[in-house]
Amino acid sequence: MTTETSPDSNPLVQAKIDNLHKLEALGVAPFPYRFDPTHHAADLQAEFINLENGAETSIQVRIAGRIMSIRNSGMFIDLRDGSGKIQVFSHKSVLSPEKLAEIALYDLGDIIGVEGLVRRTPRGELTINAQDVILLSKSIRPLPEKFHGLSDVEIKYRKRYLDLITNDASMDTFRKRCQIIRFIREYLSDQGFLDVETPMLHPIPGGASAKPFITHHNTLDMRLYMRIAPELYLKRLIIGGFERVFEIGRCFRNEGMSIKHNPEFTTVELYQAYADYNDMMTLTENLVCGAVKATHNGLTKVTFGEHEIDFTTPWPRKSMHGLVAEKTGVDFMAIPDATEAAKAAEKLGVYIKPGAKWGEVVETVFGDKVEAELIQPIHVTDHPKDISPLAKVHRDNPLLTERFESYANAWEIGNAFSELNNPFDQLDRFRKQVEAREAGDEEAQMLDADFVEALEYGMPPCGGLGIGIDRLVMLLTNSQSIRDVIAFPTMRPKD
RNA sequence: GAGCGCAUAGCUCAGAGGUAGAGCAUCUGACUUUUAAUCAGAGGGUCGUGGGUUCAAAUCCCACUGCGCUCACCA
């Protein structure tokens with residue numbers, strides 16, 4: 001092993017490597033093997049919250065963490081562990097001159113272990129009076145500035161570890177992400193849903209309308225697609241006899257990136273036999289409101305930007321065409337002809353692409369005129385059949401489906417249907433998608449004959465629901481960009 | 001994919017044609033109960049890359065690269 005080849009010729013790096021060599025000369029191992037902490041900083045802060053200023057205890061603890069700040073020539077060190085920060089006090093009345101000389105060679109960013117007694121300084125800072133200090137890992141690169149932290153967004157995303165080291169808020173976001181996913185997993189498991197895994201490599205990408213990533217398997221010499229949704233495999237499990245299944249996992253879509261889109265993103269999809277979309281609305285409310293409570297101390301209100309969003313259940317349920325009629329005064333249900341509907345839309349100032357189907361017109365008007373106002377949680381129901389190839393036709397109206405999308409903060413956060421289980425209808429819908437595809441719609445779905453065959457064996461009536469986890473995490477952590485809730489967002493290589 | 005904006009020391013940022021600046025960090029010294037510790041001193045830069053205009057470019061112009069925002073497609 002050598003320390004000759006430094007990462008670069010930066011003198012700041014060289015100074016730390018020099019300190020490493022000086023420590024080695026003192027017989028200090030810069031990268032030892034293990035340490036046994038007895039406590040975390042936050043536990044101690046909580047446990048001794050009532051310890052008075054100036055009080056000393058004889059309670060001995062071991063802690064470990066990264067040096068974030070050094071004051072008074074090493075006498076005071078702020079240590080940061082996975083839970084928070086705590087101050088370490090190293091005094092010549094306790095530690096040997098040799099140990100003090102060693103501490104003097106520690107740098108910001110080094111990871112150390114400390115054994116000592118708990119006290120609170122006269123100024124009120126909970127502190128460990130060190131009886132022994134040990135270097136656990138030497139750092140040889142300078143940390144971002146201690147007060148402002150790291151604010152260059154490009155470095156935050158490319159080198160997330162630096163963001164996490166310096167920005168507590170960023171660490172909180174990823175902890176909340178974990179809490180949200182854990183809540184969903186536990187809630188669904190408690191409701192009898194089976195936690196399953198289905199393929200991410202699909203011979204035919206299905207379950208959504210999106211452009212897939214294409215890859216290739218060498219041994220099979222076949223084209224495979226990264227999944228755009230797990231839907232069709234989860235339904236095959238329902239056909240197989242599992243009555244409730246869910247999957248939390250990654251989907252991949254080869255589309256534009258934005259503040260709300262990353263090429264890989266996480267969804268929860270679930271299917272419940274013998275349920276319909278009304279049941280899915282209730283389940284959506286329970287999942288989302290429960291996730292809010294799990295991350296907001298049991299409260300159901302969230303602040304996002306300038307809005308306060310109240311997730312208290314139940315949420316309103318309004319049809320897409322009804323909301324459009326409310327907002328524009330135009331009842332598209334009375335204009336079931338695509339051409340006439342397009343004329344009506346254009347009269348409202350909404351551009352409709354040539355050849356749009358009736359349902360696409362309704363959806364476009366909804367997107368232009370209504371969507372932006374849906375700040376408080378709401379279920380938008382009964383989407384047109386033309387835009388919902390996997391949803392069951394509405395029991396009261398053949399133009400519509402039993403589908404809903406849940407909105408909050410003007411974002412779609414959930415999408416659900418009474419699942420289509422009629423194999424004749426499904427085949428017909430697939431064929432219409434194939435026609436659209438052949439007409440140039442790259443995002444129209446492919447015909448999955450194997451899935452249709454599976455349906456032919458019989459799928460029970462079934463409710464299905466998908467929720468975008470990343471956007472939910474954004475909402476519940478007041479994050480303005482999806483890159484703030486994905487630890488390693490997709491970035492173009494720098495060089 | 002299109003439009004607009006940003007890129008200066010390890011980090012956070014000033015500088016807008018005339019010798020490259022500050023704070024933190026680093027190094028040297030002082031200081032052993034500090035809290036963004038303090039005090040004195042020092043070092044640190046191909047101003048994203050490549051062209052151009054000019055006596056002179058971090059600064060003006062062009063191209064490129066990366067990032068951000070808005071729009072389009074979408075969750």
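Every chain is numbered from 1, with letters handed out A, B, ... down the list of sequences. Worth saying up front: this structure is predicted, and the values here are computed from it rather than measured. The figures here come from the full heavy-atom set of this structure, side chains too, leaving out hydrogens, waters and symmetry mates.
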**Q** What is the nucleic acid contact for Glu125(A), judged by heavy atoms within less than 4.0 Å: base, sugar-phosphate only, or nothing?
**A** base
**Q** Answer yes or no: does a side-chain N or O of Arg471(A) lie under 4.0 Å from OP1 or OP2 of rA75(B)?
**A** no
**Q** Given that both distances must come in under 3.5 Å, which nucleotide forms a Watson-Crick or G-U wobble pair with rA63(B)?
**A** rU49(B)
**Q** Do the side-chain N or O atoms of Arg123(A) get closer than 4.0 angstrom to the phosphate oxygens (OP1, OP2) of rU33(B)?
**A** no
**Q** Remember a base hit wins even if backbone is also touched, and classify Ala15(A) as base, sugar-phosphate or nothing at under 4.0 Å, heavy atoms.
**A** sugar-phosphate
**Q** With both distances under 3.5 Å as the test, what is the Watson-Crick or G-U wobble partner of rG44(B)?
**A** none
**Q** Round to a whole Å and report the spacing from CG of Asp107(A) to P of rC24(B).
**A** 18 Å
**Q** Is Arg119(A) touching bases, backbone alone, or none of the nucleic acid, heavy atoms closer than 4.0 Å?
**A** base
**Q** Within less than 4.0 Å of OP1 or OP2 of rC69(B), is there a side-chain N or O belonging to Arg483(A)?
**A** yes
**Q** Once you apply the 3.5 Å cut-off to both distances, tell me the Watson-Crick or G-U wobble partner of rG1(B), or none.
**A** rC71(B)
**Q** Just compare rA75(B), rU12(B), rU33(B) and give me whichever is closest to any side-chain atom of Glu145(A).
**A** rU12(B)
**Q** If the cut-off is 4.0 Å, is Ser151(A) near the phosphate of rC13(B), judged by side-chain N/O to OP1 or OP2?
**A** yes
**Q** Can you tell me the base-pairing partner of rC39(B)? Count Watson-Crick or G-U wobble geometry only, both distances below 3.5 Å, and say none if there is no partner.
**A** rG29(B)
**Q** Can you see if the side chain of Asn19(A) gets near the phosphate of rC27(B) - specifically, an N or O under 4.0 Å from OP1 or OP2?
**A** yes
**Q** Could you tell me whether the phosphate oxygens of rA37(B), OP1 or OP2, come under 4.0 Å of any side-chain nitrogen or oxygen in Arg71(A)?
**A** yes
**Q** Any N or O donor-acceptor pair under 3.5 Å from the base of rU35(B) to the side chain of Thr121(A)?
**A** yes
**Q** Can you measure Leu150(A) atom CG to rG68(B) atom P for me and round it to whole angstrom units?
**A** 14 Å
**Q** With side-chain hydrogen bond (donor to acceptor under 3.5 Å, both in side chains) as the test, pick out the partner of Asp78(A) among Arg71(A), Lys85(A), Arg66(A).
**A** Arg71(A)
**Q** Would you mind classifying the nucleic acid contact of Leu108(A) as base, sugar-phosphate or nothing, using non-hydrogen atoms under 4.0 angstrom?
**A** sugar-phosphate
**Q** Mind listing the side-chain donor-acceptor pairs of residues 352-363 of chain A below 3.5 Å, one per line with the distance, residues two or more places apart or on another chain?
**A**
{"unit_1": "Trp358(A)", "atom_1": "NE1", "unit_2": "Phe332(A)", "atom_2": "O", "d": "3.3"}
{"unit_1": "Trp358(A)", "atom_1": "NE1", "unit_2": "Ile335(A)", "atom_2": "O", "d": "2.8"}
{"unit_1": "Glu360(A)", "atom_1": "OE1", "unit_2": "Lys357(A)", "atom_2": "N", "d": "2.8"}

**Q** Measuring to OP1 and OP2 of rG10(B), would you say a side-chain N or O of Asn10(A) lies under 4.0 angstrom away?
**A** yes
**Q** Does a side-chain N or O of Ser69(A) approach OP1 or OP2 of rA37(B) to a distance below 4.0 Å, or not?
**A** yes
**Q** Would you say Arg158(A) reaches rC67(B)'s phosphate, i.e. side-chain N/O to OP1/OP2 under 4.0 Å?
**A** yes
**Q** Report yes if at least one side-chain N or O of Lys146(A) is closer than 4.0 Å to OP1 or OP2 of rA25(B); otherwise report no.
**A** yes
**Q** Are the ring of Phe265(A) and the base ring of rA75(B) both nearer than 5.5 Å at their centres and tilted by less than 30°?
**A** yes
**Q** Taking all non-hydrogen atoms of both residues into account, name the closest pair between Met68(A) and Lys146(A) and its distance.
**A** O-CB, 4.4 Å
**Q** Please give me the minimum heavy-atom distance between Leu270(A) and Met280(A), naming the atom from each residue.
**A** CD1-SD, 3.8 Å
**Q** In terms of side-chain heavy atoms of His91(A), which of rU35(B), rU32(B), rA75(B) is nearest?
**A** rU32(B)
